[in-house]
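Heads up, the thing below is written out as structure tokens.
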Amino acid sequence: MAAFLDTDVFVVGGGPAGLAVAIAARQHGLRAAVADCASPPIDKTCGEGLMPDSLDVVQRLGVNLQATDRSFFRGIKFVGPKSAVAASFPHGCGLGIRRTDLHQIFAEHAQAQEVELLWRARVSFPDSSTIAVNGARVRSRWLIGADGQNSRVREWAGLSPGQTRAVRFSMRRHYRVRRWSEYVEIYWGNEGQAYVTPVGLDMICVAIISRQRWPSFGSALAGFPQLRERLAGAAPASDIRGALSISRRLRRVCRNNVALVGEASGSVDAITGEGLALGFRQALALAPALVAGDLAAYATAHRSISHLPEFMSRTMLLLDASPSIRRRTLLALSKQPELFERLLAVHVGELQLKHFGARGLLDLGWRLLAA
């Protein structure tokens, strides 16, 4: 089998996380190639919102999102049946952007950085030591799996799929309607959450995440009567897309010359809105480890990067599972919104969890008891 490609870093999976790895590798002087069976722009079910800290990471990758049809948001708003609370980000704004637009921009930037992009490519593993693309062999110092939840690279490298902690169902649809809020709104219902993100001047993304599989988007939306009323008469602007939202942690994310990034390396529930940011941060941590030939450093960084999102995921899923705790928490935060502001600051990395303070926890605990 003749060599088809000779590179330093070969990435399987051409989504934003895989492209971010290749871009970061090029920033460190490494040759990089990306292979994916699809072609740009690649769509995926997600809430389509990037937090300010996520935008900082995108900027570090040198990717410019300024030229997109976009919509900024100033913070997050929780909406319950009987109470609501909003908080602004400590610094900067978030950005709503269509997933297809985001992917196209990343792909174009990767191409400009001389990443070799292999679209509509079939990656195979003929034996325990061979990687092939469309039947021709690949020679690469590093193999990176960015091929999602059911990673074939992870399986080929003998890395455990890890422990699945929660599985939920998500659906997404766009509506052509003028935004009514400066925030990303999260509506809390008995079966899940509905995220409303502005992604243009006259378009919003509605993503619903639930513990049950709904037969239709309309039946899922019925669990959020306030939102359904808001959308009355609004014209759908996209088809409905669905996906699984999985919380999973792996024991190992690298072995020999193989490393995993993005959902291939574990994931948190979509409730955190941190999926893309995790992949971008992992890419920035992986590139210098590849240059140094030290994947152990990447494994350590990966654990550190995942710690806070995993904590926030567990906390928010507790609210999802317990109607009583959810009602008390939303009511408590609505009466003391500065606590919500501090929690949001923790979520976007502006405030360390340990600095949230005993007083903040006591205040929230007292409000929960009194609610």
Side-chain angles (χ1 to χ4, degrees), residues 15-17 40-52 54-55 58 65-79 86 89 93-106 168-189 191-210 214 216-245 263 268-280 316 347-348:
I42 299 175
D43 202 359
K44 182 182 178 181
T45 304
C46 68
E48 299 188 326
L50 294 173
M51 302 285 198
S54 303
L55 295 178
V58 171
L65 300 179
Q66 297 303 311
T68 62
D69 180 15
R70 63 199 185 281
S71 190
F72 292 101
F73 53 91
R74 63 181 295 183
I76 304 296
K77 183 177 182 179
F78 280 2
V79 182
F89 298 119
C93 293
L95 174 66
I97 179 172
R98 290 288 299 267
R99 178 63 176 245
T100 48
D101 292 339
L102 179 72
H103 187 265
Q104 186 69 49
I105 291 169
F106 264 78
R168 298 201 299 159
F169 305 94
S170 62
M171 290 189 290
R172 185 207 67 194
R173 191 172 210 178
H174 297 90
Y175 289 86
R176 196 163 296 283
V177 61
R178 184 163 291 275
R179 61 183 295 174
W180 59 78
S181 174
E182 297 180 285
Y183 300 91
V184 163
E185 294 187 336
I186 304 176
Y187 291 78
W188 291 81
E191 299 297 335
Q193 301 77 43
Y195 284 67
V196 179
T197 306
V199 292
L201 297 178
D202 296 294
M203 186 177 296
I204 62 170
C205 169
V206 178
I208 298 176
I209 314 170
S210 174
W214 293 97
S216 67
F217 197 85
S219 60
L221 194 59
F224 308 92
Q226 295 162 284
L227 178 57
R228 182 177 59 177
E229 184 177 348
R230 283 277 193 183
L231 295 175
S238 69
D239 294 332
I240 299 166
R241 291 184 64 93
L244 292 178
S245 175
E263 291 185 343
V268 296
D269 190 271
I271 196 171
T272 65
E274 286 290 289
L276 283 170
L278 276 172
F280 297 156
M316 295 180 76
H347 186 68
V348 298

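Being a predicted model, the structure only gives us computed values, none of them experimental.
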* E48/R99 ion pair, N-O < 4.0 Å -> no
Determine, step by step, whether Y183 and I76 satisfy the side chain to side chain contact (heavy atoms under 4.5 Å, CB included) criterion, reporting the C-alpha distance in whole Å, the side-chain angles of both residues, the deciding distance to 0.1 Å, and the verdict. CA-CA 5 Å; Y183 300 91; I76 304 296; 5.7 Å; no
Distance col, row I240:CD1 vs I208:CD1, nearest 0.5 angstrom, shows 9.0 Å
Q) Got L65 and L50 here, is their nearest side-chain heavy-atom distance under 4.5 Å? A) yes
- Query: Given side chains that start at C-beta, do those of F224 and V79 come closer than 4.5 Å, heavy atoms only?
  - Reply: no
One should read off an interatomic distance between L227 CG and L231 CG, to the nearest 0.5 angstrom, of 4.5 Å
Output for pair (S181 OG, I204 CD1), nearest 0.5 Å, gives 10.5 Å
Can you find a pair of side-chain heavy atoms, one from F89 and one from R74, that are under 4.5 Å apart?
no
(Q) Closer than 3.5 angstrom, by distance alone: can the side chain of H174 be matched with the main-chain N or O of A237 as a donor-acceptor pair? (A) no
Distance col, row C205:SG vs I97:CD1, nearest 0.5 angstrom, shows 12.0 Å
### Query
Within the distance-only criterion (no hydrogens, no angle test), does the side chain of H347 pair as donor or acceptor with the backbone N or O of T272 below 3.5 angstrom?
yes
Quiz item: Distance-only, no hydrogens or angles: does the R98 side chain make a donor-acceptor pair with backbone N or O of T100 under 3.5 Å?
Solution: no
When every non-hydrogen atom of S216 is compared with those of M171, the smallest separation belongs to O-CE, 3.6 Å
>> Would you say the ring centers of F169 and W214 fall short of 6.0 Å from each other?
In response: no
Quiz item: Is D43 paired with R172 through a side-chain N to carboxylate O contact shorter than 4.0 Å?
Solution: yes
key: pair H103-K44: side-chain heavy atoms closer than 4.5 Å   = no
### Query
Tell me, do W180 and E185 make a side-chain contact under 4.5 Å, heavy atoms counted?
yes
### Message
Using modelled atom types and a 3.5 Å cut-off, is there a donor and acceptor pairing between side-chain atoms of S71 and backbone atoms of L201?
### Response
no
Kindly say whether the aromatic ring centers of F106 and F280 come within a distance under 6.0 Å.
yes
All heavy atoms of G47 vs all of T197, minimum pair found to be O-OG1, 3.1 Å
>> Could you check whether any side-chain N or O of R173 sits under 3.5 Å from a backbone N or O of R241, counting only pairs where one atom can act as donor and the other as acceptor?
In response: no
Open item on the list: Please determine whether side chain to side chain contact (heavy atoms under 4.5 Å, CB included) holds for the pair V268 and L278, giving the CA-CA distance in whole Å, both sets of side-chain angles, and the decisive distance to 0.1 Å.
Closed with: CA-CA 9 Å; V268 296; L278 276 172; 3.9 Å; yes
Is there side-chain contact between V206 and F217, with at least one heavy-atom pair below 4.5 Å? yes
side-chain hydrogen bond (donor to acceptor under 3.5 Å, both in side chains) between Y195 and Q193, worked out:
CA-CA 7 Å; Y195 284 67; Q193 301 77 43; 5.4 Å; no
When rounded to the nearest 0.5 Å, the distance separating CG of D269 from OG of S245 is 3.5 Å
| said: I'd like to know if R168 and E191 make a salt bridge, using a cut-off of under 4.0 Å between side-chain N and carboxylate O. | reply: no
Electrostatic pair R178:D202 at N-O distance under 4.0 angstrom
yes
Is any side-chain heavy atom of Y187 less than 4.5 Å from a side-chain heavy atom of Q226? yes
